[in-house]
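So the structure is just underneath, and the comments pick up after that.
What you see below is based on every heavy atom in this structure, not just the backbone, and it leaves out hydrogens, waters and symmetry mates.
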Amino acid sequence: MFLGQPLPDLDPAPGRSGARPRLRVVVAGEFRSGKSSVINAILRQPVLPMLSRQASRPAFLVRHAWEGAGAVLLHHGSGGTEQAAVLDETTDFGGAGLCEVLVKAPHIEGVELVELPFPCDGQVGDEARALMAGADLLLWVSIASQAWRLSEKAILSQLPPMRERAVIVLSRADKLRCASDWDRIEERVQREAGPHFAAVAFVQAARETIRAAAADDHAWATSGGQILADLVAERRRRMAPETPSLPADPPHDTHRASRAVAARRQEIEQVAASLAGLVCGGLTGPDGGCLAFGPERHRAAQLAPAIRSYIDGQGALEAAAGAAVEETTLRLGPHLLLVIRPASSGLAFLLLRQDRTNMALAQTALRRIAADGLPEA
Ligand SMILES: Nc1nc2c(ncn2[C@@H]2O[C@H](COP(=O)(O)OP(=O)(O)OP(=O)(O)O)[C@@H](O)[C@H]2O)c(=O)[nH]1
Ligand SMILES: [Mg+2]
């Protein structure tokens with residue numbers, strides 16, 4: 001059996017009682033892949049201890065609470081709950097199936113972060129599969145230097161299709177030797193694990209980085225925790241009942257949309273949804289139409305013609321350099337970045353808020369959007 005104990009209050013269909021449901025983020029991955037560290041990086045504080053030496057440990061559920069922060073509740077399969085004095089490497093979980101931890105972390109309000117314990121023999125049971133499949137967002141953690149092993153593929157292949165709700169998080173990126181290792185690994189994971197995940201993210205969640213992140217925005221960004229926290233918050237906003245719906249498609253798009261374009265839009269929206277910091281994006285077609293996406297997609301329709309004429313002007317540059325322009329990045333004002341790539345059908349672009357964007361993620365997303373192009377309407 002995968003989990004040593006039954007999990008009280010943690011059923012496959014997350015508890016949705018109360019006025020505002022919580023977004024359930026399930027953090028899963030093989031033994032010692034870095035799950036607890038990813039949660040700590042998101043939280044910006046070292047909440048979960050490293051417990052690899054303990055043969056049996058509960059699942060963890062961490063959530064924000066203004067009152068009672070610091071409480072550690074041990075839930076037993078029998079229905080009983082007791083409070084643990086501390087949460088560290090020495091905590092005796094007493095056979096509890098679920099350890100619920102309350103922390104002061106308002107940036108994850110309305111979210112529960114769940115770590116599933118994976119045993120070292122790699123056996124994954126029905127209960128774990130159901131919890132992963134039922135996640136609002138699955139963060140699958142894999143060690144960057146050896147990411148996406150056959151054993152991981154075997155686990156993910158047993159889940160129902162959930163690509164738009166799943167991100168692969170590559171841990172210990174701080175241990176990679178150089179930037180080209182990041183690119184090489186990202187490309188391979190993108191290629192081999194792409195059918196399972198909407199995005200790839202790197203984390204550098206060494207203990208000292210997480211400790212520094214508590215008071216240092218730069219350290220938080222470096223850890224990779226901030227970008228994941230942004231993604232989580234963005235998903236939470238989308239499920240909140242009071243969240244206004246995305247702006248309607250511009251009439252231009254709606255009239256032109258063939259079934260193929262509609263399907264393509266859905267694919268692109270899934271990629272875009274995992275990009276924190278995205279203002280809007282566009283993919284132009286051979287006939288000059290623009291498939292606009294992102295939270296402020298109406299801005300993309302206005303940007304597209306201006307970008308096209310700007311790129312047209314690069315012909316002389318390409319002729320002089322003897323090489324095609326692969327990607328263009330423009331800084332617009334202090335906070336906005338516009339990244340443009342030629343697409344098979346025209347061009348693809350993303351308008352991004354620089355302070356909230358992981359550029360590696362954004363460039364990968366843009367490459368993917370550009371490569372597939374836009375079908376004819
Ligand atoms: N340098 C570095 N160390 C990391 C990183 N992520 C995890 N570690 C270390 O790797 C070890 C295992 O990390 P955990 O976060 O406990 O991994 P886990 O998947 O929760 O482990 P189990 O719950 O035991 O399966 C710890 O010593 C961490 O400090 C990282 O991004 N960088
Ligand atoms: Mg752990």
Report summary line: Smallest heavy-atom separation, Leu347 atom then Arg308 atom, equals CD2-CA, 4.1 Å

Report task. Kindly check if the number of other-residue, nucleotide or ligand heavy atoms within 6.0 Å of NE2 (His335) is above 12? Result -> no

Report task. Determine whether more than 12 heavy atoms belonging to other residues, nucleotides or ligands lie under 6.0 Å from atom CD of Glu67. Result -> no

**Report entry** Ala205 backbone acceptor or donor facing Arg172 side chain under 3.5 Å
**Finding:** no

Query raised in the report: Looking only at atom types and distance, does a side-chain atom of Glu152 sit under 3.5 Å from a main-chain N or O of Arg149, one as donor and one as acceptor?
Result: yes

Report task. With side chain to side chain contact (heavy atoms under 4.5 Å, CB included) as the test, would you mind laying out the steps for Arg165 and Arg163 before giving the verdict? Result -> CA-CA 5 Å; Arg165 294 181 282 131; Arg163 184 173 183 276; over 6 Å; no

Inspect the contact between [Y] and [X] and indicate whether a charged nitrogen and a carboxylate oxygen are less than 4.0 angstrom apart.
X      : Y      : value
Glu327 : Arg341 : yes
Glu234 : Arg237 : no
Arg297 : Glu269 : yes
Glu109 : Arg63  : no
Arg44  : Asp217 : yes

**Report entry** Among Val203, Val27, Ile168, Val26, side-chain contact (heavy atoms from CB on, under 4.5 Å) partner for Leu139
**Finding:** Val27

**Report entry** Matching residue for Leu113 among Leu43, Leu23, Leu61 - test: side-chain contact (heavy atoms from CB on, under 4.5 Å)
**Finding:** Leu43

Query raised in the report: Do you reckon Ile42 sits in the same ILVMFWY cluster as Val101, going by side-chain contacts under 4.5 Å, direct or chained?
Result: yes

Query - hydrophobic_cluster_shared for Leu278 and Ile268, side chain cutoff 4.5 Å - result: yes

Report task. Kindly indicate, with the supporting measurements, whether the criterion side chain to side chain contact (heavy atoms under 4.5 Å, CB included) is fulfilled by Arg368 and Val271. Result -> CA-CA 9 Å; Arg368 188 183 311 160; Val271 176; 3.6 Å; yes

